[in-house]
Amino acid sequence: MELDELVFHPWTIQGPRTVPTFVGGAGSYVVDANGRRYLDFSSQLAFTNLGHQHPRIVAAIKDQADRLCTLGPGYASDVRGEAARLIVEVAPEGLGRVLFTTGGTEAIEHAVRMARLHTGRPKVLAAYRSYHGSTATSIHLTGDPRRWATDTGTAGVVHFFGPFLYRSAFGASTPEEECERALAHLEQVILLEGAATIAALVLEPVSGSSGGVVPPAGYLRGVRELCSRHGIVFIADEVLVGFGRTGAWFAVEHDGVAPDLLVFAKGVNSGYLPLGGVLVGDAIYETFMQRPYPAGMTYSGHPLATASAVGAITAMRGEGTVASAARLGADTLGPGLAKIAENHPCVGDVRGIGGWWTLELVRDRQSREPLVPVGATGQANAPMAAFSKSCLDRGLLQMVLSNRVHVAPPLNVSDADAATGLAILDEALAEVDTFLHS
């Protein structure tokens, strides 16, 4: 029996799998047990923002392991405090404290709990085409089909349509119309649900694996204004897009807004150890100066994990990673993917920013029918399965979800490696095109 067969795997049918076994890596590459190198064009799950085995992060973990491997959250820790200081320094204004968690979904749970306790209200608004995690509250908040199997409809969550011009729910034809109509729709949802019953609105400032949608200019400002007017806590879910992925430290910066709570994970330490957290706004922090916050985690602010964050953020600052991500999107990924789309009728839309891009694949560009249906398996999913196999056969790791290909290389990927990845995507999409005529 292969050792992998002893592992219960998330998000998949259980049983033997045909996947590489990886044993090493460096930079934008990982190496399998046979010594073959693969270009990681997905940053795993869009978290290795600094690539694999970055020496600054590895050294920070090793140094901390030599000093103190673990410590309960009730004690003060120098490395935990330093990680919090570095995170606060790059955060939007007014977010002055950090609650550390072990990942993004856990951080969402705590952000929602804080908002409900702060406001005394029960409901939470979240967008369709969103992903916020897979624990009880976060999976109910999730707007895409991954929630369907476990959605009980009892978590106090109300979903609304965010802006998405390619598949506009509002009949819009321009970004400006989409922004205006999406905000008007959101305001109606708030009024019809009763603003006094809504604790928080949870929103990905750029949506992650549920679509990779970049909102039109002004939308986040409009959301901020609606939340402020109605006393609703604005929670920005930056688990995937934070820490440089979009070419800014945080995606809310692109529209010049600051949320009341900001949830992060992934890029904070390039995923080298489990770490996430909530940046807490000053008003909510004051609420818990009067009473204790009723929750905790054994590994909150774990020394090895926070040491890896110190190493990562220090490296990002020293290497200009955020500016590199902006250049990567503007000069390489954006133009390269647009050119690829011209060559392949299966590509219906290209969208993205910085180091986070999406190709939406369709059966027909006019009808915009998705290439595969939601939850497709077996023959129904054959086009996407063929694409994934073609990429893997050519030594490329990519991220496929439903009818979408998400492109998310390390933010410090070299121009040559980025070009290699784009060329492989181009070749693999040629195989997908054949399904349009079958």
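The first residue in the sequence is number 1, and the count goes up from there. Source: prediction; values computed, not measured.
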- Donor + acceptor pair across side chains of Thr135, Thr105 (<3.5 Å): yes
(Q) Are Leu425 and Val407 packed together at the side-chain level, in the sense that at least one heavy-atom pair is separated by less than 4.5 angstrom? (A) yes
With a 3.5 Å cut-off and sequence neighbours excluded, list the donor-acceptor pairs that the side chains of residues 55-65 form with protein atoms.
{"unit_1": "Gln64", "atom_1": "OE1", "unit_2": "Arg67", "atom_2": "NH2", "d": "2.6"}
{"unit_1": "Gln64", "atom_1": "NE2", "unit_2": "Leu68", "atom_2": "O", "d": "2.9"}

Applying ring-ring contact (aromatic ring centres under 6.0 Å, His included) to His185 and not counting sequence neighbours gives Phe161, Phe170
Checklist line | Arg404/Asp349 ion pair, N-O < 4.0 Å | finding: no
With distance as the sole test, does Asp32 use its side chain to make a donor-acceptor pair with the main-chain N or O of Arg36 at under 3.5 Å? yes
*Taking Ser130 for the side chain and Gly143 for the main chain, is one N or O donor matched with an acceptor at less than 3.5 Å?*
yes
Apply salt bridge (charged side-chain N to carboxylate O under 4.0 Å, His left out) to the pair Arg167 and Glu360, showing each step before the final yes or no. CA-CA 11 Å; Arg167 297 188 182 280; Glu360 180 154 346; 2.7 Å; yes
Leu95 and Pro259 have their tightest heavy-atom pair at CD2-O, 3.5 Å
TODO: Would you check if the side chain of Asn403 reaches a backbone N or O of Val372 as a donor-acceptor pair within less than 3.5 Å?
DONE: no
Original post:
In terms of side-chain geometry, is the basic nitrogen of Asp151 or Arg147 positioned less than 4.0 Å from the acidic oxygen of its partner?
Top reply: yes
Do side-chain atoms of Asp237 reach the backbone of His132 as a donor and acceptor pair under 3.5 angstrom?
no
Notebook entry, point to check: Side chain of Ser270, backbone of Leu50: donor and acceptor closer than 3.5 Å?
Noted result: yes
| message | Tell me if the centroids of the rings in Phe164 and Tyr128 come within less than 6.0 Å of each other. | response | no
query = Between the side chain of Arg351 and the main-chain N/O of Gly211, is any donor-acceptor distance below 3.5 Å?
reply = yes
- prompt: Is the shortest side-chain N to carboxylate O distance from Arg394 to Glu431 below 4.0 Å?
  reply: yes
Here the pair of heavy atoms bringing Val347 nearest to Val362 is C-CG2, 4.4 Å
Quick one: is the NZ or CZ of Arg37 closer than 6.0 Å to the six-membered ring centre of Tyr29, and within 45° of its axis?
yes
| field | Verdict with reasoning, His110 to Tyr293, per side chain to side chain donor-acceptor pair (under 3.5 Å) | value | CA-CA 10 Å; His110 285 282; Tyr293 175 62; 2.8 Å; yes
* To do: Indicate whether the side chain of Thr332 and that of Arg327 have a donor and an acceptor atom separated by less than 3.5 Å.
  => no
Residues pairing under ring-ring contact (aromatic ring centres under 6.0 Å, His included) where one sits in residues 388-431, two or more places apart or in two chains, turn out to be Trp356-His406
Legend entry - Backbone N/O of Tyr75 and side chain of Arg80: donor-acceptor pair under 3.5 Å: yes
Note to self: Check this for me, if you would: do Lys339 and Glu342 make a salt bridge, where the nitrogen-to-carboxylate-oxygen distance has to be below 4.0 angstrom?
What the structure shows: no
CA sep, side-chain torsions, deciding dist, call: Asp4, Leu6, side chain to side chain contact (heavy atoms under 4.5 Å, CB included): CA-CA 5 Å; Asp4 185 65; Leu6 301 177; over 6 Å; no
- prompt: Would Ile284 and Val233 satisfy side chain to side chain contact (heavy atoms under 4.5 Å, CB included), going step by step from the backbone distance to the final call?
  reply: CA-CA 9 Å; Ile284 294 175; Val233 174; 3.8 Å; yes
Closest non-hydrogen atoms of Val405 and Val400, given as atom of the first, atom of the second and distance, are CG2-CG2, 4.3 Å
**Message:** Is there a side chain to side chain contact (heavy atoms under 4.5 Å, CB included) between Cys346 and Leu429? Walk through the geometry before answering.
**Reply:** CA-CA 8 Å; Cys346 66; Leu429 286 168; 4.0 Å; yes
Applying side-chain hydrogen bond (donor to acceptor under 3.5 Å, both in side chains) to Asp433 and not counting sequence neighbours gives His344
* So, does Asn269 use its side chain to make a donor-acceptor pair with the main chain of Leu273 at under 3.5 Å? -> yes
So do the side chains of Leu328 and Asn412 get within less than 4.5 Å of each other, counting heavy atoms only?
-> no
Fill in: Neighbour count >12 (heavy atoms, 6.0 Å) for atom OH, Tyr299
no
Nearest heavy-atom approach of His302 to Thr70 is NE2-OG1, 3.3 Å
Residues pairing under ring-ring contact (aromatic ring centres under 6.0 Å, His included) where one sits in residues 236-261, two or more places apart or in two chains, turn out to be Phe243-Phe250, Phe243-Phe264
In terms of heavy-atom contacts, Val322 and Gly244 come closest through CG2-CA, 4.1 Å
Check: Going by atom types alone, do Thr102 and Glu106 pair a side-chain donor with an acceptor below 3.5 Å?
Finding: yes
**Message:** Please check this pair: side chain of Arg363 against backbone of Glu369, looking for a donor-acceptor N/O pair closer than 3.5 Å.
**Reply:** no
Gln14 CD: over 12 foreign heavy atoms closer than 6.0 Å: yes
| task | Answer yes or no: is there a donor N or O on one side and an acceptor on the other, between the side chain of His140 and the main chain of Ala136, under 3.5 Å? | result | yes
**Asked** Should the pair Arg317-Glu89 be classified as a salt bridge under the 4.0 Å nitrogen-to-oxygen rule?
**Response** yes
Applying side-chain hydrogen bond (donor to acceptor under 3.5 Å, both in side chains) to Asp393 and not counting sequence neighbours gives Lys389
Note: Leu261 and Gly281 closest approach over all heavy atoms is CD2-N, 4.1 Å
Any salt bridge linking Asp144 with Arg129? Criterion: basic side-chain nitrogen under 4.0 Å from a carboxylate oxygen.
no
The side-chain contact (heavy atoms from CB on, under 4.5 Å) partner of Val98 among Ile87, Val278, Leu86, Val280 is Ile87
